[in-house]
Amino acid sequence: MSQPKAVMAGEQIGSGKAVLQGRVKSWYKARYLMRLFWLAVLLGFGTLCLRAWHQTWLSEAYLPDLQQAARQRPYDGSLMALLGARLAQARQYDAAARYLEQAVSAGEDNPYLWLTWAATEAARDDRNLAWAVLMAGMQHPQDAPLLQSAIQRCRALPPDTPSLTLAATISPVGPHSLVARYTQGSFLNLFADWYGHCFPERSGYATRRAWALRQLSNPAVQRLWGEALLKDGRYAEAVAVLQKAYRLAPNSLRIHRDLADALFHEGEVGKAGLEYEACLKEHPNDLASLLGLGQVALDKHILQMAVDIFQKAVTLAPKNPDAWIGLGRAYFNQQLDLGRSLQAYQQAVKLAPNRTDFYPHYADTLRATYHYREAEQVLRRRLWDAPYEARTYFLLAITLQEYNVTPARLQEAEGDLRVALSMEPQNSAILSALGRLLQQEGKPEQAIPFLESALKRDVHDVAATIALARACQEAGRIREAQAAERSATDLTRYLAQVKALQDAIQQHPEESILYRRLADLYLSGGEPDKAQNYLEAAELLERNQAKALRGLQALQHATFNTQPLNRR
């Protein structure tokens with residue numbers, strides 16, 4: 001009896017151990033499952049936060065931030081759509097159209113996207129493509145009603161409707177609805193607002209916009225919003241906001257200088273010069289105002305003044321790359337000491353090795369000093385950072401025709417010019433360069449349309465006129481060739497007179513009468529924009545009642561120029 005009892009006891013003990021082991025296993029399994037559950041929760045919450053932050057970041061990012069992100073994430077459809085819309089707000093229609101097309105390719109689909117894309121193509125004066133975009137959008141049933149309304153509005157317009165009017169008809173609210181769709185943000189908007197209050201100068205775009213709407217009478221807030229618009233390239237809006245802020249705080253140097261910057265970028269260069277000068281009179285050591293005034297002098301072709309200003313700027317701030325870049329441009333435009341222009345740009349490269357925005361200007365100096373290989377390298381480097389910059393493609397094409405010329409490089413140059421033209425189809429310089437290259441390659445029939453288009457936009461392009469005469473001669477169009485030859489003769493005479501006055505201005509930059517003579521010559525030659533530019537330069541020199549001296553002396557005093565002027 002004892003043996004069976006022992007066996008039974010052993011069985012009970014074994015059974016108890018099995019039960020215990022089973023419970024332990026169940027507990028470990030439950031614990032493992034619980035850990036998996038919480039890990040899944042954390043991953044889900046993390047993914048939710050990442051998505052939320054992406055949405056908030058889109059609403060807070062400035063245009064340069066979006067452009068940089070687009071280079072890193074070219075398949076992010078929402079990023080491409082927002083970037084295209086913000087570029088359209090900045091009236092950069094060529095770039096806007098490319099990014100909106102990328103957004104569609106990445107899978108984005110909403111009626112505001114199609115409308116904005118079609119409107120940007122219309123603003124670029126590519127009406128056929130604008131119509132094709134609307135038709136493509138009509139294939140999506142959810143988008144069709146709004147697109148059909150746009151098509152009906154367009155059909156009511158006359159054939160000669162201006163391109164910008166057509167764009168506004170396609171999308172009456174502009175790109176703002178598309179921007180609003182992608183800038184709603186998320187629950188993390190509260191964090192962005194809190195961070196902005198802690199660090200106002202680092203606050204984001206949406207935060208500043210919300211502040212500006214709530215605090216209309218706060219000059220500091222309006223200044224922040226004006227600077228946001230400046231960063232986004234919306235210069236006309238920035239001018240209006242900053243003018244209001246300046247009225248609220250007329251003694252603020254920061255607001256005054258920002259207003260001058262906005263006026264300059266909006267094309268009100270003469271007014272910007274006056275504002276920069278006023279800033280310098282009160283704050284003669286303000287580097288930003290000095291650099292701004294230097295840009296005005298460059299724009300107005302007061303080149304010796306530009307050289308003086310930027311020389312003072314590099315003296316005040318020898319480690320500021322913008323000062324050296326300005327000095328390089330001033331020396332290059334003056335065409336009297338290209339070696340100093342090259343040195344200035346080289347110094348800027350040392351100070352800002354990762355910056356390439358000035359490389360097209362740097363390449364101009366490299367080409368002018370016969371450093372063609374370096375110019376090509378600089379331009380290719382720029383295209384890596386800015387693959388949608390038409391001017392860089394144009395300059396690279398010109399460089400390929402100047403250095404180590406081979407049939408393959410000429411073919412590449414032609415391709416680069418065609419790419420540049422696809423980005424800026426109305427650019428007369430690109431049309432002219434492509435037409436001249438085709439004529440040189442023995443393709444007169446292909447060259448003639450490009451040369452004629454270039455001359456419709458710039459009747460004073462003597463190189464295009466000569467190339468057109470040759471192309472017509474080669475194509476057997478003798479009458480057109482003879483007419484082009486006569487035009488080339490007249491243009492050569494006119495441009496020689498322009499060059500003579502420009503040389504006189506370089507020798508006597510204080511003589512405002514020379515600027516007025518050149519303005520009159522430009523008017524007689526049918527170039528009112530250039531005439532206005534030189535008239536404003538003359539007025540800059542003649543300001544107040546002291547003709548031909550007092551304005552320049554005031555500017556020189558503001559920029560510490562000690563060289564005396566001749567009184568006449």
Quick check: does any side chain N or O of [X] sit under 3.5 Å from a backbone N or O of [Y], one acting as donor and the other as acceptor?
X	Y	value
Thr369	Leu366	yes
Asp461	Leu455	no
Arg409	Asn404	yes
Ser422	Val419	yes
Asn320	Asp322	yes
Tyr393	Pro387	yes
Arg98	Tyr388	yes

Does the pair [X]/[Y] count as a salt bridge with the N-to-O cut at 4.0 Å?
X	Y	value
Arg457	Glu424	no
Glu474	Arg470	no
Arg517	Asp520	no
Glu414	Arg418	yes
Arg124	Glu121	yes
Glu266	Arg91	yes
Arg127	Asp125	yes

**Report entry** Contacts of Trp114 that satisfy ring pair (Phe, Tyr, Trp, His ring centres under 6.0 Å) - sequence neighbours left out
**Finding:** Trp117, His140

Requested in this report: Before giving the answer on side chain to side chain contact (heavy atoms under 4.5 Å, CB included), spell out for Gln502 and Gln335 the whole-Å C-alpha distance, their side-chain angles and the decisive distance to 0.1 Å.
Outcome: CA-CA 11 Å; Gln502 288 176 337; Gln335 292 287 300; over 6 Å; no

Would you be so kind as to tabulate the donor-acceptor pairs closer than 3.5 Å made by side chains of residues 346-354, with sequence neighbours excluded?
none

For the residue pair [X] and [Y], what are the closest heavy atoms and their distance?
X	Y	value
Ala413	Gln401	CB-CG, 4.1 Å
Leu514	Ala504	CD1-O, 3.5 Å
Ala119	Ser171	CB-CB, 4.0 Å
Leu431	Ala454	CB-CB, 3.8 Å
Tyr331	Asp337	CB-O, 3.8 Å
Gly137	Leu147	C-CD1, 3.2 Å

Requested in this report: May I ask you to decide if the ring planes of Tyr515 and Tyr534 are parallel, tilted or perpendicular, using 30° and 60° as cut-offs?
Outcome: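 Ring orientation, 0 to 90° scale: tilted.
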
Kindly indicate whether the side chain of [X], heavy atoms from C-beta on, has any atom under 4.5 Å from the side chain of [Y].
X	Y	answer
Gln89	Glu237	no
Glu511	Ile505	no
Leu290	Phe310	no
Tyr403	Glu376	yes
Pro425	Asp94	yes
Leu410	Pro407	no
Arg329	Tyr345	yes
Leu263	Tyr235	no

Roughly how far apart are [X] [atom1] and [Y] [atom2], rounded to 0.5 Å?
X	Y	atom1	atom2	result
Tyr359	Ile325	OH	CD1	9.5 Å
Asn333	Asp299	CG	CG	10.0 Å
Gln67	Leu87	CD	CG	5.5 Å
Arg477	Arg479	CZ	CZ	13.0 Å
Leu178	Leu100	CG	CG	6.5 Å
Leu259	Leu242	CG	CG	6.0 Å

Query raised in the report: Do you see a donor-acceptor pair shorter than 3.5 Å between the side chains of Asp261 and Tyr276?
Result: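 Side chains of Asp261 and Tyr276: pair found under 3.5 Å.
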
**Report entry** Ser289 and Arg257: side chain donor to acceptor below 3.5 Å
**Finding:**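 Side-chain D/A pair, Ser289 to Arg257: absent.
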
Query raised in the report: Would you say Lys271 has more than 12 foreign heavy atoms packed within less than 6.0 Å of its NZ?
Result: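 Incorrect, the count does not exceed 12.
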
Query raised in the report: Near Arg380 CZ, under 6.0 Å, is it more than 12 heavy atoms from other residues, nucleotides or ligands?
Result: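 Enclosed: over 12 neighbouring heavy atoms sit under 6.0 Å from CZ of Arg380.
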
Query raised in the report: Please walk me through it: do Val498 and Lys530 pass side chain to side chain contact (heavy atoms under 4.5 Å, CB included)?
Result: CA-CA 11 Å; Val498 169; Lys530 292 182 180 180; over 6 Å; no

Requested in this report: List for me each residue that meets side-chain contact (heavy atoms from CB on, under 4.5 Å) alongside Ala433, sequence neighbours excluded, and say none if there are none.
Outcome: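 Testing Ala433 for side-chain contact (heavy atoms from CB on, under 4.5 Å), a comparison that skips the adjacent residues, returns Phe394, Ile398, Leu417, Arg436.
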
Report task. Determine, step by step, whether Thr365 and Ser341 satisfy the side chain to side chain donor-acceptor pair (under 3.5 Å) criterion, reporting the C-alpha distance in whole Å, the side-chain angles of both residues, the deciding distance to 0.1 Å, and the verdict. Result -> CA-CA 7 Å; Thr365 295; Ser341 175; 2.9 Å; yes

Query - Aromatic contact, Tyr494 with His460 (centres under 6.0 Å) - result: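 Yes, close enough.
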
Report task. Identify the residue among Ile170, Leu166, Thr169 that makes a side chain to side chain contact (heavy atoms under 4.5 Å, CB included) with Arg153. Result -> Thr169

**Report entry** From CA spacing to verdict: side chain to side chain donor-acceptor pair (under 3.5 Å), Gln68, Tyr62
**Finding:** CA-CA 10 Å; Gln68 182 178 0; Tyr62 296 102; over 6 Å; no

Report task. Could you give me the CA-CA distance, side-chain angles and deciding distance for Tyr93 and Leu164, then say whether side chain to side chain contact (heavy atoms under 4.5 Å, CB included) is met? Result -> CA-CA 11 Å; Tyr93 301 116; Leu164 291 179; 4.0 Å; yes

Requested in this report: Decide yes or no on side chain to side chain contact (heavy atoms under 4.5 Å, CB included) for Lys499 and Asp503, but give the supporting numbers first.
Outcome: CA-CA 6 Å; Lys499 182 65 166 59; Asp503 290 343; 3.0 Å; yes

